[in-house]
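Data block below; observations after.
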Amino acid sequence: MKIINVILIASITSLNVSAAFTEPELHQLEEINKEAIKKTENAKNLLDKKIKETISNLPEQKEKIVDLNKTWNITIKKKCNLLIFESLNTDAEIAMKNECLSNEYKSETYFFEQLNH
């Protein structure tokens, strides 16, 4: 029985060790996450500029534009949280969520771009 316990403990310990990242892997993951966050920030900044431009071009629609943006932001957050549910509490969570947010902000930007033409 002691041998089985030793083997079981060794197996569990070896699984934990293999799941640990090396320093280069941690650095790479950090860089991926930073890049994903930067991409999201850029997409959000572009969206904010496009909304201001749309309001400037359609001042009589300002209230509707602002309201749509608020509603869209709520929807984006809910959509991305649902889309990445399998990634929650994993190393991919930050990158996956930011990829979704970035894509959704770009989609919203495109919509407002269309209003300006």
Side-chain angles (χ1 to χ4, degrees):
M1 188 68 167
K2 285 184 178 183
I3 293 175
I4 293 173
N5 286 340
V6 169
I7 292 172
L8 181 62
I9 290 171
S11 297
I12 292 171
T13 305
S14 68
L15 288 175
N16 287 338
V17 171
S18 66
F21 288 109
T22 64
E23 191 65 33
E25 290 170 330
L26 286 173
H27 180 69
Q28 184 179 20
L29 179 61
E30 185 179 313
E31 289 301 313
I32 290 168
N33 288 338
K34 281 182 183 177
E35 189 63 33
I37 290 168
K38 184 178 178 182
K39 187 176 175 182
T40 299
E41 290 170 349
N42 290 340
K44 181 68 169 134
N45 289 336
L46 187 61
L47 171 61
D48 292 342
K49 288 178 185 174
K50 190 56 64 178
I51 289 171
K52 287 178 184 174
E53 178 185 334
T54 305
I55 290 171
S56 176
N57 291 338
L58 303 167
E60 69 283 356
Q61 300 297 323
K62 179 180 179 179
E63 187 177 324
K64 290 179 182 178
I65 293 166
V66 170
D67 185 51
L68 177 59
N69 176 248
K70 286 179 185 176
T71 304
W72 210 321
N73 281 332
I74 292 168
T75 301
I76 286 172
K77 287 177 182 155
K78 288 181 179 182
K79 183 177 180 180
C80 289
N81 284 336
L82 182 59
L83 188 65
I84 67 154
F85 79 94
E86 290 180 342
S87 302
L88 293 176
N89 301 315
T90 69
D91 299 318
E93 179 179 0
I94 294 171
M96 295 282 294
K97 185 169 188 172
N98 280 284
E99 181 69 23
C100 178
L101 290 171
S102 175
N103 289 335
E104 293 299 318
Y105 292 148
K106 288 176 184 177
S107 176
E108 187 178 357
T109 300
Y110 178 77
F111 173 82
F112 283 111
E113 242 175 55
Q114 298 306 304
L115 289 179
N116 288 314
H117 295 281

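Model, not experiment: these values are computed from the prediction. This chain uses plain numbering: 1 for the first residue, then up along the sequence.
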inquiry  = List the residues meeting salt bridge (charged side-chain N to carboxylate O under 4.0 Å, His left out) with E104, not counting sequence neighbours, and say none if there are none.
reply    = K79

request  = Report the distance from atom CD1 of I76 to atom SG of C100, rounding to the nearest 0.5 Å.
outcome  = 8.0 Å

query = Does NZ or CZ of K44 lie under 6.0 Å from the centre of the six-membered ring of Y105, at an angle within 45° of the ring axis?
reply = yes

request  = Could you tell me which non-hydrogen atom of A36 sits nearest to which non-hydrogen atom of A95, and how far apart they are?
outcome  = CB-CA, 3.9 Å

ask   = Does a sphere of radius 6.0 Å around CD in E23 hold more than 12 heavy atoms from other residues, nucleotides or ligands, not counting ones at 6.0 Å or beyond?
value = no

inquiry  = What verdict does the salt bridge (Lys or Arg N to Asp or Glu O under 4.0 Å) test give for K34 and E30, after you've listed the backbone C-alpha separation in whole Å, the side-chain angles of each residue and the deciding distance to 0.1 Å?
reply    = CA-CA 6 Å; K34 281 182 183 177; E30 185 179 313; 3.3 Å; yes

query = When you measure from the side chain of N81 to the backbone N and O of K77, does any donor-acceptor pair fall under 3.5 Å?
reply = yes

key: Donor-acceptor contact below 3.5 Å, side chain T71 vs main chain D67   = yes

message = Rounded to the nearest 0.5 Å, what separates atom NZ in K50 from atom CG in N69?
response = 14.0 Å

ask   = If Ile, Leu, Val, Met, Phe, Trp and Tyr residues are connected whenever their side-chain heavy atoms lie under 4.5 Å apart, and connections chain through other members, are V66 and L47 in the same group?
value = yes

request  = Mind checking the OG1-CG spacing from T90 to L88? Nearest 0.5 Å is all I need.
outcome  = 7.5 Å

query = Mind checking whether I51 and E108 have side chains closer than 4.5 Å, heavy atoms only?
reply = yes

task = Verify the distance criterion only: is there a donor paired with an acceptor across the side chains of E25 and T22 at less than 3.5 Å?
result = yes

message = If you compare all heavy atoms of I65 against all heavy atoms of L58, which two are closest, and at what distance to 0.1 Å?
response = CD1-O, 4.2 Å

remark   = To the nearest 0.5 Å, atom OG1 of T54 lies from atom CG of L115 at 6.0 Å

message = Within the 3.5 Å criterion, strictly below it, is a donor on E41 or N98 matched to an acceptor on the partner's side chain?
response = no

More than 12 heavy atoms from other groups under 6.0 Å of CD on E60 = yes

query = Quick one: do L101 and I37 end up in the same hydrophobic cluster if we chain Ile, Leu, Val, Met, Phe, Trp and Tyr together by side-chain heavy atoms under 4.5 Å apart?
reply = no

query = Would you call K38 and E35 a salt bridge, taking side-chain N to carboxylate O under 4.0 Å as the test?
reply = no

In one Ile/Leu/Val/Met/Phe/Trp/Tyr side-chain cluster, 4.5 Å: L83, I94 = no

key: Joint hydrophobic cluster, F111 plus I55, side-chain heavy atoms closer than 4.5 Å   = yes

query = Got more than 12 heavy atoms from elsewhere within 6.0 Å of CD, E31?
reply = yes

ask   = S107 side chain to N103 main-chain N or O, any donor-acceptor pair under 3.5 Å?
value = no

task = Indicate the atoms forming the closest heavy-atom contact of M96 with S87, along with that distance.
result = CG-OG, 3.6 Å

request  = Specify the closest pair of heavy atoms between E113 and H117, including all atoms of both residues, with the distance to one decimal.
outcome  = O-CD2, 2.8 Å

message = As an exercise, state the distance from CZ of F112 to CG of D48, rounded to the nearest 0.5 Å.
response = 10.5 Å

task = Could you tell me whether Q28 atom CD has more than 12 heavy atoms of other residues or ligands within 6.0 Å of it?
result = no

request  = List the atom of I84, the atom of K97, and the distance in Å for their closest heavy-atom pair.
outcome  = CD1-CB, 3.7 Å

D91 and N33, any side-chain heavy atoms less than 4.5 Å apart = no

ask   = Are E99 and K39 ion-paired here, with the side-chain N under 4.0 Å from a carboxylate O?
value = yes

